[in-house]
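A quick note: this is a predicted structure, and the numbers were derived from the prediction, not measured.
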Amino acid sequence: MSDKYQPHAIEVKWQREWEATELYRSKVDWSKPKHYALTMLPYPSGDLHIGHWFAMTPSDARARWMRMKGYNVLFPMGFDAFGLPAEQAAISNNIHPWKWTYANIERMREQLRSMGAMFDWEREAISCTPEYYKWSEWFFKKFYEHGLAYRGSALVNWSETLQTVLANEQVIDGKDERMGQPVVHKMMEQWFFAITRYADELLNFKPLDWPESIKIMQTNWIGRSEGARATFRTEVGGHPIEIYTTRPDTLWGATFMVLAPEHDLVEKITTEERRPAVRAYVERTALESEIERMVEDREKTGVFTGAFAINPVNDERIPIWIADYVMITYGTGAIMAVPAHDQRDFEFARAQGLPVRVVIQPVDAAEALDGDTMSAAYDGPGLMVNSDAMDGSESTWDKGRKNPAINRVIDWLEATGKGEEAVNYRLRDWLISRQRYWGSPIPMIFDGDAVIPVDDEQLPVELPEDVDFMPTGRSPLTYHEPFYKVDEKRRRETDTLDTFMCSSWYQLRYLSPECESAPFDAEEAAYWLPVDVYTGGAEHAVMHLLYTRFFTKALRDIGLFDDAIEAMRRNGRDPAGAFDEPMTVLRNQGQVLGGERQGDFVLCGGRQVGGRLLAERVEVVEWNQVPPGFAGVFGELAHRTENVLHVDMAGITQFVDVQPDAEIIIPDIAGENNVNQLRHHLDIQRMSKSKGNVVNPDELVAEYGADAMRCYLMFNFDWQKGGPWNENNIKGPQGWLGDVWEIAAAGAPSAPGDPSAERDIERKLHQTIAVINRGLEEFSFNTAIAEQMKFKNALKAALRAGGIGAEVWHSVMNQAIRLLAPFAPHIAEELWAMLGWEYSVHRQPWPEYDAEKAREEQVDLVVMINGKPRETISVAVDIAQERARELALASGAAQRFLDGKAPRRTIFIPGRNGTDPKVNIVV
RNA sequence: GCCUCCGUAGCUCAGGGGUAGAGCGCUCCCUUGGUAAGGGCGAGGUCAUGAGUUCAAAUCUCAUCGGAGGCUCCA
């Protein structure tokens, strides 16, 4: 028996043993309750980073805990393997995406194994294999057959850098989320999924236990608003211009209309006289990138089309303008402009000298609003004015029908046929075609104008391997004739599917990755679905997490879960609601950030010119070691750009220009030093290679062992928040595991038991179980581990104090190791074996919490005077209220403060869940 | 600008009307045949600030300040 904890000696050994004995194979067993724990699958970038460990190992601990609690747990793993990086590697390193991806997967599988997680590798799914994407293609076909996939022309986000279109969700601040390069709008014919049809159902989060922030983000993203649609007509030609507004109560205040520059009607209605100006404006807008259009406080620009429209509510003639503040992608791409009550319209009206007419007058304002003098739009409550029959209607802050004025106007619009109630969404349909090679082919064939799906028997349409990667960024499929040419007439679709489509259903493929007759086995789906707990990063809030919800609902409506529903019934389980949502519970982990780094402390000598020092000499010294009489600049190096140092000198930033021939002295770095070697201060921020603050999990495992790593990650952060990396803190969990090892290795004490000491450790054990249970339940891994550490201390103290008999010690150790198993699976397994218990600790039941055993017998009764604690009296835990009051009043503190007088009142607070009982005496 | 979350010990975080807590770190002491270590004792906090509610506020309410994330010409 080894008396020292040596992680490396045991970890690989147990990982092999677990695999050899199929410890983590999960099979359908209708006699047991199921638990499908899922953690987001990685992209095979080639290296597992600390973020993967942080996301996956706590999830693993929780899955293990559920298993010990008696659930049949499925905890699978796979790879989201299509995507741009593979293609970029192909272009720049001349390596085929297949090779690159598979090599990375091989490597990452090994890295994942070193976590000691309970992944069931028999269920691994990889999205870029033909066995997998056959079904991605098949789903596409099903969607197409059911009208959920369609080809449409739309203004799309086009990335010149990536040579592909992107979904709205993939464009951030006008740049692509991957490379951060500008995205422009372009009219293109593309494939879409009709996600907007599910907008309302996607807004229903009632069945979901998801973080509030994600629900809010999705709600905002879907952006439902209520209002009305109305049709204006052009004065000449009578072209209808449909508008959407959330403020139909201000229809009478429309003094002009604005169309988005891309609007279809612009060409038709523009007068000959205005055409040159309008064309110039439209062209200018098209060239502008999204970023330029989004600059804040941008001055409103636009041009008059020369055309007029008739306002249907009052037959008024108003000018039609075009302006880039109206977006073609929102609503109908055309607005009625009500400058008096909409700030944007107001700014535009003032900039262009257009009239402003008040139609909502606030009731109790000191002065009535006047369109000619007001300095900002008024969007508050009031009474409708200048609105014919609607005058006097009360408009409130409420939106939609809840607002009496809006309600009345909508009724009137509908009665007169001038408009109708309408709901609008910010959400657009999901653009799913990508002009890339490394993705699932879209199983469609063009035959002239006709579009024909590929026969099921011919699926999958396989990606050809013998393609040439050109540095143009164009997809190789577009010039690979054997692929696209079906025959003289017919041509295959060369666009591929957005990888988010592949990851929208991977939780289903895990159920039966080998299944050849269907995307998933109905029996497996009936047993395992839905996912009970899903863990992963919050960065997927509005992409993956919205798409996969849509996907599940679409599959349900197409009827693809019908067999599973039938199987569920057959096995006596109620299928109600089981296939409405993919994941019942969602929790997001935070991010592990780079650690903070102190800048060098520097002494800079040279001559002072203006506000800066031209340094001839810079020396790195010990913190605050400034020679007496030193005349230059000294302090922490806060920042450096090229040769300019920002030195923090007692809180004031001093600028130091290091001269080209200056002498740089850095004692830690041998040889001649240069300015680039100076270490400047680094704030806590994301880990990235360029910042040089990335940590490598493989090296850490080699140094500390997987168990210590797992425990450090769980202990040192609030999991749902994340935080800065601090390697120094690994010592805590490492020392704890070492202590546990020693305690276990020490063997049972031979002394006879003292019932009181044994009762104490037993009580402590059960109190610990309660806290760990709660910690795991709530993803509060840090508190669970802190409690284990405390228990270790108690165990150690008890052993030193003596009085624990062999029988109790064995029972306590047996349970303590089981408590440790989910967190540190290797050491737990080793100690379990070392103490002679049967393989495996991971097949043991979780220790049962016994409230009776956790109960304290004696507690301190706190005597408070006017709410301030003054004295404690040791009493029985179940002390009666009357007795407590008596004891409190008799206490020295009470006597002193009361000084013979009667108390004004006394308040008894019983001790509940661990708190002491109290009596507050008000004097 | 709007929405959400968060400010508790040096650090990372629990608690959440009723005595201010944990781990790490730190001080001091012991060990010097576990030693690039081990053991023991201890110090550390106006719970961001201000007001209100209450017998009692770190906890509830409001305001202010500070931090993180998301949305943003959304008609």
Side-chain angles (χ1 to χ4, degrees), chain A residues 3-4 172-173 211-221 223-225 227 243-247 250 258 260 293-298 300 323-327 329-338 341-345 347-348 424-427 538-539 541-542 588 590-591 596 712 715-724 726 728-733 735-736 738-739 742 771 774-775 780 782-790 792-793 796 800 860 862-872 903-912 914-923:
Chain A
D3 62 353
K4 199 133 195 219
I172 297 160
D173 292 339
E212 215 47 45
S213 59
I214 300 284
K215 294 194 272 188
I216 288 164
M217 276 190 251
Q218 292 204 349
T219 304
N220 291 342
W221 187 262
R224 182 192 155 97
S225 71
I243 59 111
Y244 169 78
T245 177
T246 54
R247 294 295 306 274
T250 64
V258 185
R293 260 175 97 161
M294 278 177 20
V295 171
E296 270 181 61
D297 299 328
R298 195 161 184 262
K300 298 257 178 312
D324 66 3
Y325 81 92
V326 173
M327 305 289 155
T329 49
Y330 186 82
T332 60
I335 61 160
M336 62 151 181
V338 184
H341 305 292
D342 180 284
Q343 187 57 28
R344 294 154 301 171
D345 297 344
E347 286 165 21
F348 190 76
N424 190 56
Y425 300 92
R426 180 185 175 279
L427 182 73
E539 66 273 17
V542 288
N588 299 121
Q591 220 171 28
E596 194 170 12
Y712 164 69
F715 173 66
N716 227 258
F717 304 85
D718 175 341
W719 187 71
Q720 299 184 63
K721 264 196 224 160
N726 182 350
N728 219 24
N729 286 349
I730 298 186
K731 282 183 201 146
W736 162 56
D739 282 356
E742 278 176 39
V771 175
R774 202 164 67 124
S780 178
N782 50 352
T783 61
I785 292 192
E787 199 62 19
Q788 302 230 29
M789 288 176 170
K790 279 199 256 177
K792 180 268 292 179
N793 290 342
K796 217 163 157 180
R800 200 172 27 246
D860 287 339
V862 181
V863 181
M864 301 167 88
I865 312 291
N866 292 336
K868 293 245 178 303
R870 297 291 177 184
E871 196 174 319
T872 60
R904 246 198 310 159
R905 60 193 283 204
T906 63
I907 297 136
F908 174 74
I909 308 107
R912 38 174 194 271
T915 67
D916 294 328
K918 290 150 197 99
V919 173
N920 188 17
I921 300 169
V922 186
V923 300

Residues at least two apart in sequence or cross-chain that pass side chain to side chain donor-acceptor pair (under 3.5 Å) with A:Tyr244, listed by chain then number, are A:Ser225
Between the protein and nucleotides 42-47 of chain B, are there any N/O to N/O pairs under 3.5 Å, and if so, what are the atom names and distances?
none

Residues at least two apart in sequence or cross-chain that pass salt bridge (Lys or Arg N to Asp or Glu O under 4.0 Å) with A:Arg224, listed by chain then number, are A:Asp200, A:Glu226
When every non-hydrogen atom of A:Thr783 is compared with those of A:Gly775, the smallest separation belongs to OG1-CA, 3.9 Å
Across all chains, not counting sequence neighbours, the side chain to side chain donor-acceptor pair (under 3.5 Å) partners of A:Asn424 are A:Tyr330
Between A:Ala260 and A:Met327 the two heavy atoms that sit nearest each other are CB-C, 3.9 Å
(request) Describe the nucleic acid contact of A:Asn220 in one word from base, sugar-phosphate, nothing, applying a heavy-atom distance below 4.0 Å. (result) nothing
**Message:** For A:Thr906 and A:Asn920: C-alpha separation, side-chain torsions, deciding distance, then whether side-chain contact (heavy atoms from CB on, under 4.5 Å) applies.
**Reply:** CA-CA 6 Å; A:Thr906 63; A:Asn920 188 17; over 6 Å; no
(Q) Any heavy-atom pair between the side chains of A:Asn782 and A:Asp718 that's under 4.5 Å? (A) yes
Among the nucleotides B:rU4, B:rA56, B:rA75, whichever has the atom closest to the side chain of A:Ser213 is B:rU4
With sequence neighbours left out, the residues meeting side chain to side chain donor-acceptor pair (under 3.5 Å) with A:Thr246 are none
Sorted by chain and number, sequence neighbours left out, side chain to side chain donor-acceptor pair (under 3.5 Å) with A:Asn588 holds for none
Discussion item. Quick one, A:Ile907 and A:Val919 - any side-chain contact, counting heavy atoms below 4.5 Å?
Written reply: no
Side-chain atoms of A:Lys300 come closest, of B:rG16, B:rC74, B:rC73, to B:rC73
Stems for RNA chain B (at least 3 consecutive Watson-Crick or G-U pairs, under 3.5 Å) come to B:1-7 with B:65-71, B:10-13 with B:21-24, B:28-30 with B:38-40, B:48-52 with B:60-64
| query | Can you find a heavy atom in the side chain of A:Val771 that is under 4.5 Å from one in the side chain of A:Gln788? | reply | no
side-chain N/O A:Tyr330 vs B:rA75 OP1/OP2, d < 4.0 Å:
yes
- Query: Looking only at atom C1', what distance separates B:rA36 and B:rC41, rounded to whole Å?
  - Reply: 25 Å
Margin query: Salt bridge check, A:Asp342 against A:Arg247: does any charged N sit closer than 4.0 Å to a carboxylate O?
Written below: no
Problem set entry | Whole-Å C1' distance, B:rG7 and B:rU35 | 43 Å
Taken to the nearest 0.5 Å, the spacing of A:Lys300 NZ from A:Asp345 CG works out to 9.0 Å
Whole-Å distance, A:Tyr425 OH to B:rC71 P, equals 21 Å
Rounded to whole Å, CD of A:Glu347 lies from C1' of B:rA75 at a distance of 14 Å
Taking the same atom, C1', in B:rC24 and in B:rU64, what whole-Å distance lies between them?
34 Å
Contacts of A:Tyr712 meeting ring pair (Phe, Tyr, Trp, His ring centres under 6.0 Å) (sequence neighbours excluded), chain-then-number -> A:Phe717, A:Trp725
Next item on the list: Under 4.0 Å between any heavy atoms, over every strand shown, what does A:Ile907 touch: base, sugar-phosphate, or nothing? Just pick one.
Entry: base
Listing time: all N or O pairs from protein to nucleotides 26-33 of chain B that are below 3.5 Å?
none

From CH2 of A:Trp719 across to C1' of B:rA14 the rounded distance in Å is 18 Å
Here the distance between atom P of B:rG70 and atom CD of A:Gln218, to the nearest Å, is 15 Å
Query raised in the report: Considering only the C1' atoms, how many Å lie between B:rC60 and B:rC73, rounded to the nearest integer?
Result: 39 Å
Suppose you measure atom C1' in B:rA20 against the same atom in B:rA63; what distance do you get, rounded to whole Å?
26 Å
Identify the pairs formed between an N or O of the protein and an N or O of nucleotides 52-54 of chain B at a distance under 3.5 Å, and give each distance.
none

Look for any protein N or O under 3.5 Å of an N or O in nucleotides 36-41 of chain B and output each such pair with its distance, or none.
residue: B:rG39; atom: OP1; partner: A:Lys796; partner atom: NZ; Å: 2.7
residue: B:rG40; atom: OP1; partner: A:Arg800; partner atom: NH1; Å: 3.0
residue: B:rG40; atom: OP1; partner: A:Arg800; partner atom: NH2; Å: 2.7

P atoms of B:rU61 and B:rU54, separation to the nearest Å: 16 Å
Pull out every protein N or O sitting under 3.5 Å from an N or O of nucleotides 20-24 of chain B, one pair per line with the distance.
residue: B:rG23; atom: OP1; partner: A:Asn793; partner atom: ND2; Å: 3.3
residue: B:rC24; atom: O2'; partner: A:Asn729; partner atom: OD1; Å: 3.3

Regarding B:rG17, purine or pyrimidine glycosidic angle vs 90° from 0 gives anti
Of the listed B:rC73, B:rA56, B:rG70, the closest approach to the A:Met327 side chain comes from B:rC73
Original post:
Between B:rA75 and A:Arg426, is there an OP1 or OP2 to side-chain N/O distance shorter than 4.0 Å?
Top reply: no
Closest heavy-atom pair, A:Ile730 versus A:Pro733, reported as atoms and distance to 0.1 Å, is O-CD, 3.2 Å
### Task
Provide the distance between the two P atoms, one in B:rU27 and one in B:rG66, to the nearest whole Å.
36 Å
Taken to the nearest whole Å, CZ/A:Phe348 to C1'/B:rC73 is 12 Å
_Is there a side-chain contact between A:Ile335 and A:Tyr325 in this structure, where contact means two heavy atoms from C-beta onward sitting under 4.5 Å apart?_
yes
Scanning both residues in full, the closest heavy-atom pair of A:Gly333 with A:Val326 reads O-CG1, 3.6 Å
Of all heavy-atom pairs linking A:Met336 and A:Thr250, the shortest is CE-OG1, 3.7 Å
Using a 4.0 Å heavy-atom cut-off, does A:Asp342 contact any base of the nucleic acid, only the sugar-phosphate backbone, or nothing at all?
nothing
Heavy-atom nearest nucleotide on RNA chain B taken for A:Val922 and for A:Met217; more 5' hit belongs to A:Val922
Rounded to whole Å, CG of A:Asn920 lies from C1' of B:rU19 at a distance of 12 Å
Open item on the list: Please determine whether a side-chain nitrogen of the Lys or Arg among A:Arg344 and A:Glu347 lies less than 4.0 Å from a carboxylate oxygen of the Asp or Glu.
Closed with: no
Could you measure between the two P atoms, the one in B:rU59 and the one in B:rG50, and give it in whole Å?
12 Å
**Message:** Quick check: do A:Lys796 and A:Asp739 have side-chain heavy atoms less than 4.5 Å from each other?
**Reply:** yes
The residue, A:Ile335 or A:Met864, whose nearest nucleotide of RNA chain B is more 5′ is A:Met864
Between the CG atom in A:Asn716 and the CD1 atom in A:Ile785, the distance rounded to the nearest 0.5 Å is 10.0 Å
Taken to the nearest whole Å, CH2/A:Trp736 to P/B:rG25 is 16 Å
Between CD1 of A:Ile214 and C1' of B:rC71 the distance, given in whole Å, is 14 Å
